[in-house]
Amino acid sequence: MDEKYFPAAIEKKWQHRWQESRAFEVKADDPRPKFYCLEMLPYPSGYLHMGHVRNYSIGDALSWYKRLQGFNVLHPIGWDSFGQPAEQAAIKRGVNPRDWTEENIKHMSGQMHRLGISYDWSREIAAHRPEYYKWDQWFFLKMLERGLAYKKTSAVNWCPKEKTVLSNEQSSGGICWRCGTAVEKRDLEQWFLRITDYAEQLVNDIAEIEATWSEKVLKRQRDWVGRSEGAYIDFAVKENDRKIRVFTTRIDTIYGATAIVLAAEHPLLSDLLAGSALQADVEAFAQKVKAARAAKQDPTVVEEKEGLNTGALAVNPFSGEHVPIWVANYVLMEYGTGAVMSVPAHDERDFEFAQRYTLPIRQVIAPISHDQAQVEPVTGAMDQSVEMHQAFTEYGVLINSGDWGGKLSGAAITEMTEEAHTKGFGEAAITYRIRDWGISRQRFWGAPIPIVYCDECGAVPVPMDQLPVVLPETAEFTGTGESPLKSVAEFVNTTCPKCQRPAQRETDTMDTFVDSSWYFFRYCDPHNHDAPFDPQLAAEWTPVDQYIGGDSHAVMHLIYTRFWTKVMRDLGLVSFNEPVKRLLTQGMVTNQVEGTDDWKAMSKSLGNGVDPDEMIAAYGADAARVFVLFAAPVENELRWSEAGVEGAIRFLRRAYTMVWRWHERLSNPVDSRQTFKSEELSQGARQLQRKTHQTIARITRDFEQLHLNTSVAQLMELFNALMDFNAEPATASAGDVSTVREALYALVIMLTPFSPHASEEMWEGLGHQGGLLMSEARWPVADKELAQQEELEIPVQVNGKLRSRVKAALDVTEDQLRTAALADGKVQAALTGREIVKVIIVPQRLINIVVR
RNA sequence: GCCGGAGUGGCGAAAUUGGUAUACGCACUAGACUCAAAAUCUAGCGAGGUCACACUCAUGUCGGUUCGAGUCCGACCUCCGGCACCA
């Protein structure tokens, strides 16, 4: 140990030692309890940014905490290394995506080492290496076998800038998740995964993680799955044997249906119109709607409702009434059945549509008055259209609804659905907003989809024993929107696995979210050649105990990985429903944009980025990490402050100096290991001892909740208490030395999750050999009695206002307290001329004297 | 528009979940050291008030419950996120 704190030297020294001793490599066959701490794997863009630093600092703090508590901690890292930027680099600068990616990985793992993150590097994985993506292909074939993967032509989301397809999740809000460009619709043949088969489970299993995932994330997942309970109802088409099935959540409003409205793409449309004079008009209209939708620029704009009467009529199965069939732009083919019953009186959209085309608006639900739960008086001839200024969309009581009149909405919904079922014109139904996951990408830099197209046999899966289908070394990167693989003849041309005749390979590659859907299972068994992972090994480590990442993946990655886990469960690979026990979505790291008052996420274009390497060079990794964890609660936005980092290094330096002052005395074997009863200690020592144990208790509690900022604050307080104690190493009594030892040990060990290098150095300075993990360093345990105050200071209030404080022994009785409080001078002053109504005593806490 | 989350010093924040509001840090001010500055150390630091106390006011606003409210309830205001005609 040197006299001065030189982070650069200390950090290098310990990073080297950790690497040499393989300090963070773990095995599953270890008697200690296991803990799996996982951070979202990064895309190897080339450089770590502060968001990464924050992410890994949080995960590393928790890993060290658990490790020091005696857990066998799996803390792995890998690379989400397929994807767009590598291909862009190839298109723009002609570099090979593989070389570019490997370079970036090399640089970024260097940065991670310089940050001193305690990863088990023996388990490192990278998605772009064949030994990894072989298993993406294996999973795809398994899903194909089970009917969970299929191919279809459909209108897919197309990003015109990136020139590729996007999944629904990736084009949420109508904009590309990567570049923010408005997406278009294109008809393409694509491979899909049947995530909709798991829609129900994706909602129901939320119950298992409700307590440990943030409400923010769960809400977005629920919304994304979009479960909706209602009923299908068949409306017969008049003078035609066809039926139109609609989905509704409000069957209780069916007597108010004044039209049936179809989506422009509805398959029945051409049938309905066959031979009709309107056929050409309606088809032109449908084309116009589709074109408008495809070309839509601003996805947030809701277009004005437009429609056209087809001239055909449908029969309301409840009332027998004939209603016109319309086509309109506001009905979506993708949701429900692509047809709705239009109830203008009780649906805002139908109301707007009816107003525009002067369709009748018929009220069939009346509000319930709140005090009496009774129907408000309905006057006049309600079976006629009445004047309404807006739709009444709440539940109420049925009116103008034949025999159903007078029923409450809730009961009517149940009973009318039953009736529809009994009579055979409908049934209860649940629909979902979530769509199947389109995974085909017109890209080179991804896992090839293992399919061969044969003129004779059609789409043939590549046999398992021929995996992996390996990407060629390179291709021609033109950026045209077609997969570059199409131009690689050696790749495309193959033979049919079934009939051995010449055939062509699928040239689309998989969405990179496939790679990240199961990667953390691979960490459990990263070198397995025969399977994605050994289920036994996975069972040892998974589910993940704590997952940490940004909330930008609240829908995409986290819903895919939940789906993938359920599929793996059905394949017999795992035995649970949910892959992640606890999820933390960390806040953004922001910095002030120069010349403004705005704090925005760090970015190159805004010029407010901070380079982690520069911070490490200037202050050391430890100080940077302490600042990042101290400055804000983990889930809050973190505002970057160089002054804050300086504060962090100041604290580390002071702690280091304190250890330096004591290290000789504490390494001295003469008075090492002596223990004292607290009554043998000086008053100052007793105070320090109390602070030590209070701090241990509070930090331990805080760590369980990941309240890392307050943990650092507690450590600073403990340090301040050591300063206040102010004993001289040369002259201190054995009791004082023993107390200081306990406090310093606690300080150094509890500082480890935040500044591991400095802690290692200080721990060694205190006379321990072999590093924290090899010596007897253990997370300290608080002694409740030692943490207990000897004397209480009880605040005294008069009418809820603080007037004084009285000292009292721990075992003081209520009577004694009351007497002491009433005898207090300040209290008496506040009581003069008043009458005491009562005295409230909260044991150990407070006295409140109520006066009049 | 609908749905979530949040409003506490100059700033980041804390408050044992209804019981001493502002811990810890940043910034700032003064002092020590220095020829001087930086660094370091010491002290101060919500507002008003006072020589100093006392005292009064203060957790977005207004009201309520309670002996007691940053915390619970109601209404409103502001900011930040998410969703986009989902029948």
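Note on naming: letters A, B, ... go to the chains in the order of the sequence lines (proteins, then strands), and numbering restarts at 1 for each one.
Looking at the side chain of A:Arg433, the nearest of the listed nucleotides B:rA84, B:rA23, B:rG19 is B:rA84. Checking B:rA87, B:rU16, B:rA23 against every side-chain atom of A:Thr249, the shortest atom distance belongs to B:rA87.
Checked against side-chain contact (heavy atoms from CB on, under 4.5 Å), A:Thr393 has the following partners two or more places apart in sequence or in another chain: A:Glu348, A:Ala391. Under the side-chain hydrogen bond (donor to acceptor under 3.5 Å, both in side chains) criterion, A:Gln694 pairs with no residue at all, not counting sequence neighbours. Partners of A:Arg245 according to the salt bridge (Lys or Arg N to Asp or Glu O under 4.0 Å) rule, which considers only residues two or more places apart in sequence or in another chain, are A:Asp234, A:Glu427. A:Glu717 meets the salt bridge (Lys or Arg N to Asp or Glu O under 4.0 Å) test with A:Lys691; sequence neighbours excluded. Listed by chain and number, the residues in a side-chain hydrogen bond (donor to acceptor under 3.5 Å, both in side chains) with A:Asp622 are A:His757 (sequence neighbours excluded).
Taking atom P in both B:rA21 and B:rA6, one finds a spacing of 24 Å when rounded to whole Å. Between B:rG12 and B:rG74, the distance separating the two C1' atoms is 32 Å to the nearest Å. Only the P atoms considered, B:rA38 is 13 Å distant from B:rA27, to the nearest whole Å. Rounded to the nearest Å, the gap between the P atom of B:rG9 and that of B:rC62 is 15 Å.
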Hey, mind stepping through A:Lys600 and A:Asn591 against side-chain hydrogen bond (donor to acceptor under 3.5 Å, both in side chains) and telling me if it holds? CA-CA 6 Å; A:Lys600 296 226 168 102; A:Asn591 198 7; over 6 Å; no

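Judged purely by atom type and a 3.5 angstrom limit, A:Asp2 has no side-chain atom pairing as donor or acceptor with the backbone of A:Lys4.
Non-hydrogen atoms lying under 4.0 Å from RNA chain B are contributed by A:Val842, A:Arg845, A:Leu846, A:Asn848, A:Val850, all within residues 841-850 of chain A. Taking every heavy atom of residues 326-344 of chain A and every atom of RNA chain B, pairs under 4.0 Å involve A:Tyr330, A:Val331, A:Leu332, A:Tyr335, A:Val340, by number.
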In B/S/- notation, 5' to 3', how is nucleotides 2-14 of chain B contacted by protein heavy atoms closer than 4.0 Å? -BS-------BSS

Give me, pair by pair, the N or O atoms of the protein and of nucleotides 52-57 of chain B that are less than 3.5 Å apart, along with how far apart they are.
unit_1: B:rC57; atom_1: OP2; unit_2: A:Lys801; atom_2: NZ; d: 3.2

So which protein N/O to nucleotides 38-42 of chain B N/O distances come out below 3.5 Å?
unit_1: B:rC41; atom_1: OP1; unit_2: A:Arg654; atom_2: NH1; d: 3.1

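Looking at heavy-atom distances under 4.0 Å, A:Asp551 makes no contact with the nucleic acid at all. A:Gly226 comes within contact range of no nucleotide atom at all, as no heavy-atom separation falls under 4.0 Å.
Taking the O4'-C1'-N9-C4 or O4'-C1'-N1-C2 dihedral as appropriate, B:rU17 has a value within 90° of 0 and is therefore syn. Glycosidic conformation of B:rG9: syn, with the torsion inside 90° of 0.
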Base-pair string, RNA chain B, Watson-Crick plus G-U, cut-off 3.5 Å on both distances, | for inter-strand, is (((((((..(((......[....))).(((((.......))))).(((......)))..(((((..]....))))))))))))....

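Applying the side chain to side chain donor-acceptor pair (under 3.5 Å) test to every pair with at least one member in residues 833-847 of chain A, sequence neighbours left out, gives these pairs: A:Glu835-A:Arg852.
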